[in-house]
2 protein chains.
Amino acid sequence: MQTPNSEEPPESGGRGDEFALIERLRDRFESAGGPSIHPGDLWIGDDAAAVTLPHVGRVVLATDLVVDGVHVDAALCEPEDIGWKALMVTVSDLGAMGADVSFALLSVAAPVGFAIERLGAGVAEAAAIVGCAVVGGDLSASPVLVVSVTAVGSVPDDGHALLRRDGARAGDHLFVTGPLGGSSAGLRLLRGGDSGDSGVVQSELAAAYRRPMARMVEGSVARRAGATACIDISDGLLADLVHVAEASGVGLELEAGESVVVAGATRHEALAGGEEYELVLATPDPDGLVEAFRAAGLRPPLAIGRCTGEDGVYSLDGGPLPEGGWRHQF
Amino acid sequence: MQTPNSEEPPESGGRGDEFALIERLRDRFESAGGPSIHPGDLWIGDDAAAVTLPHVGRVVLATDLVVDGVHVDAALCEPEDIGWKALMVTVSDLGAMGADVSFALLSVAAPVGFAIERLGAGVAEAAAIVGCAVVGGDLSASPVLVVSVTAVGSVPDDGHALLRRDGARAGDHLFVTGPLGGSSAGLRLLRGGDSGDSGVVQSELAAAYRRPMARMVEGSVARRAGATACIDISDGLLADLVHVAEASGVGLELEAGESVVVAGATRHEALAGGEEYELVLATPDPDGLVEAFRAAGLRPPLAIGRCTGEDGVYSLDGGPLPEGGWRHQF
């Protein structure tokens, strides 16, 4: 089970309760049995599952919910935007493993009169961009809009393993694939927040909120360039870095300069804002990663610090990580 | 996109509007591109999709929604029952293709305080029975309970093609894998309907509503025994037979004796009640099918008539099919 994106926990308490619930569900599902786990398979616990299908081979699977009022505000975007976002946030989980996506399934539970076809058009637009086909789904009436997308992909047999969140090692350099804060800043502006930004900047921020882009090519290039760990930023840069550090058993020495803050966003939005979908990468070979991105025609990744051997010790720009202040609070 | 199970259409109008919407979505998704379609692949339009994953092979995919107030009434069943049902109705789509299921993904959007862990226990219980593993998912807060399950499976390379709904031919014999009406009768009883039935019958009917069983072995045996078409009964026996007939371009001469009515259900519940998940099968070799079921230790399938060459002409017990009266109206 991936890290849930919901800002509100589905059961009482905070995110800690939610992660504990996921742990208990994982234990229950793992003890229930099923096909054999093959070496290199991943069940619940990373961005996506990588499992070996009998008679076939290794498939990579991820699913995400988009709920009106939790992950999107249907009053602030078009049905096409919601469809786009639901597809992109799900395939992003495969991108964060360095996997390719081939197919998606779309389920929509929607109030009577909701423009499902327009939502479908946004899904189709996003699917075309990442090169996947929508091959099934389900529709239902519902008092609230809930969109569920499942992505199905694979990893080319090229000798490079899937990128996991638990692979970072002490000494690894950390990168992010692009500047951050656009999604949170866009939401702030769309909600009527004050801004001295130009119209161009405002429209770019709104687009960052409404039309996030999954970094499929970046994940694939990083996997082939020897990256050791990767995660997509759904909970916020610092929160997701801590997820990598906790899974990998390393510490973090972070340096987040102005280059990681997108124009028009605040520093807090860049460090703590969720729903970004840029990738965080760890690698022992920073020059190799930068060169691989350059060779692929990608924007250069931004350096944001190092992994240390001090498990659980995190610092930001020489000081301690703000206690709880890096949680997604927008 | 499978036939949706929702009783209420998500957009204005009736089921016809819903099917038309699915057609339009299918056109849009197919024109959006994606990986190549291989011979024998199935995209939207049957119970499940069968698609060829690059570098891997053919996978079979299905997804279903269970929405409180639409597919289940959370006041009439336990959270475990809802989880069970969500898993079973989804894997049933693979069973109806004669495919095996290996993996499932579970997403739950639930009101604060809903017992997600108990729902997960029901999912795990059902998954263990059909031999699949739950390997991922997502959780979110939501004002209404929406459960989405995706099933991932495959077909052994045994020379027998997947069972589709469009493969029935004139002269084929029709069967159903078990007596029907239990789910609808169970719902009627749970809602306080009058009944002169014994406690044993009542509890069996309640179980038929709360804990439907996917007919995975039956689908697989039928596929290997040369069945030409198959569908699971989610909309009701007569409605789903018409789906097969329309897809296959055949007529129907149906004979539904008392053997197709489960003890305690009405004849209308057996013919029109949805959410049953027994399989309807077509075969040119009825003796072979019955013998294959016997050899596999399965309950013998029940004969319910023949396919004819008169496309679109349907009869029941010598008279016309009741106009609209076979739609699911419970």
Side-chain angles (χ1 to χ4, degrees), chain A residues 1-2 4 6 8 10-12 21 24-25 28-29 32-35 43-44 49 51 53-57 59 61-65 67 70 102-103 105 107 109-110 112-113 116-117 120-121 124 127-128 131-144 146 148 150 152 154 156-157, chain B residues 1-2 4 6 8 10-12 21 24-25 28-29 32-35 43-44 49 51 53-57 59 61-65 67 70 102-103 105 107 109-110 112-113 116-117 120-121 124 127-128 131-144 146 148 150 152 154 156-157:
Chain A
M1 192 158 293
Q2 304 102 259
S6 56
E8 298 168 40
E11 293 196 332
S12 63
L21 170 62
R24 293 197 301 276
L25 286 170
R28 198 181 284 276
F29 293 144
W43 286 24
I44 293 165
V51 292
L53 199 57
H55 324 296
V56 184
V59 299
L61 306 169
T63 192
D64 269 316
L65 290 167
V67 179
V70 178
S102 294
F103 301 105
L105 303 169
S107 289
V112 172
I116 291 176
E117 193 171 356
C132 83
V134 182
V135 294
D138 197 10
L139 300 178
S140 175
S142 161
V144 64
V146 176
S148 171
T150 298
V152 181
S154 55
D157 186 15
Chain B
M1 194 157 293
Q2 303 102 257
S6 57
E8 298 169 37
E11 292 196 332
S12 62
L21 170 62
R24 293 196 301 276
L25 286 170
R28 198 180 283 277
F29 293 143
W43 285 23
I44 292 165
V51 292
L53 199 57
H55 325 297
V56 184
V59 298
L61 306 169
T63 192
D64 269 315
L65 290 166
V67 179
V70 179
S102 294
F103 301 105
L105 303 168
S107 288
V112 172
I116 291 176
E117 193 171 356
C132 84
V134 182
V135 294
D138 197 10
L139 300 178
S140 175
S142 160
V144 64
V146 176
S148 171
T150 298
V152 181
S154 56
D157 186 16

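Letters A, B, ... mirror the listed sequences (proteins, then strands); counts begin at 1. Given the structure is predicted, the values throughout are model-derived calculations rather than measurements.
Contact annotation for A:Val56: both backbone and side-chain heavy atoms come within less than 4.5 Å of a heavy atom of chain B. At a 4.5 Å heavy-atom cutoff, the contact between A:Val146 and chain B is made by side-chain atoms alone. With a 4.5 angstrom heavy-atom cutoff, B:Ala127 does not touch chain A via any of its atoms.
The candidate from B:Pro35, B:Ala32, B:Gly34 with the greatest count of non-hydrogen atom pairs under 4.5 Å with chain A is B:Pro35. When A:Val67, A:Val51, A:Val152, A:Thr150 are compared by the number of non-hydrogen pairs under 4.5 Å with chain B, A:Val51 comes out ahead. When B:Ala128, B:Gly120, B:Ser148, B:Gly57 are compared by the number of non-hydrogen pairs under 4.5 Å with chain A, B:Gly120 comes out ahead.
Put simply, CG on A:Leu65 and OG on B:Ser107 are 4.0 Å apart, with the number rounded to the nearest 0.5 Å.
For the pair A:Arg28 and B:Ala124, the tightest heavy-atom approach, listed with the atom from each and the gap, is CG-CB, 4.1 Å. Among all heavy-atom pairs drawn from A:Val144 and B:Ser142, the shortest one is CG1-OG, 3.8 Å. Taking both residues in full, the closest heavy atoms of A:Thr63 and B:Gly137 are given as CG2-CA, 3.4 Å, listed atom of the first, atom of the second, then distance.
A 4.5 Å side-chain heavy-atom check between B:Phe103 and A:Leu53 finds at least one atom pair inside the cut-off.
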Begin with the C-alpha distance, continue with both residues' side-chain angles, and end with the deciding distance and a verdict on side chain to side chain contact (heavy atoms under 4.5 Å, CB included) for B:Leu25 and A:Val134.
CA-CA 10 Å; B:Leu25 286 170; A:Val134 182; over 6 Å; no

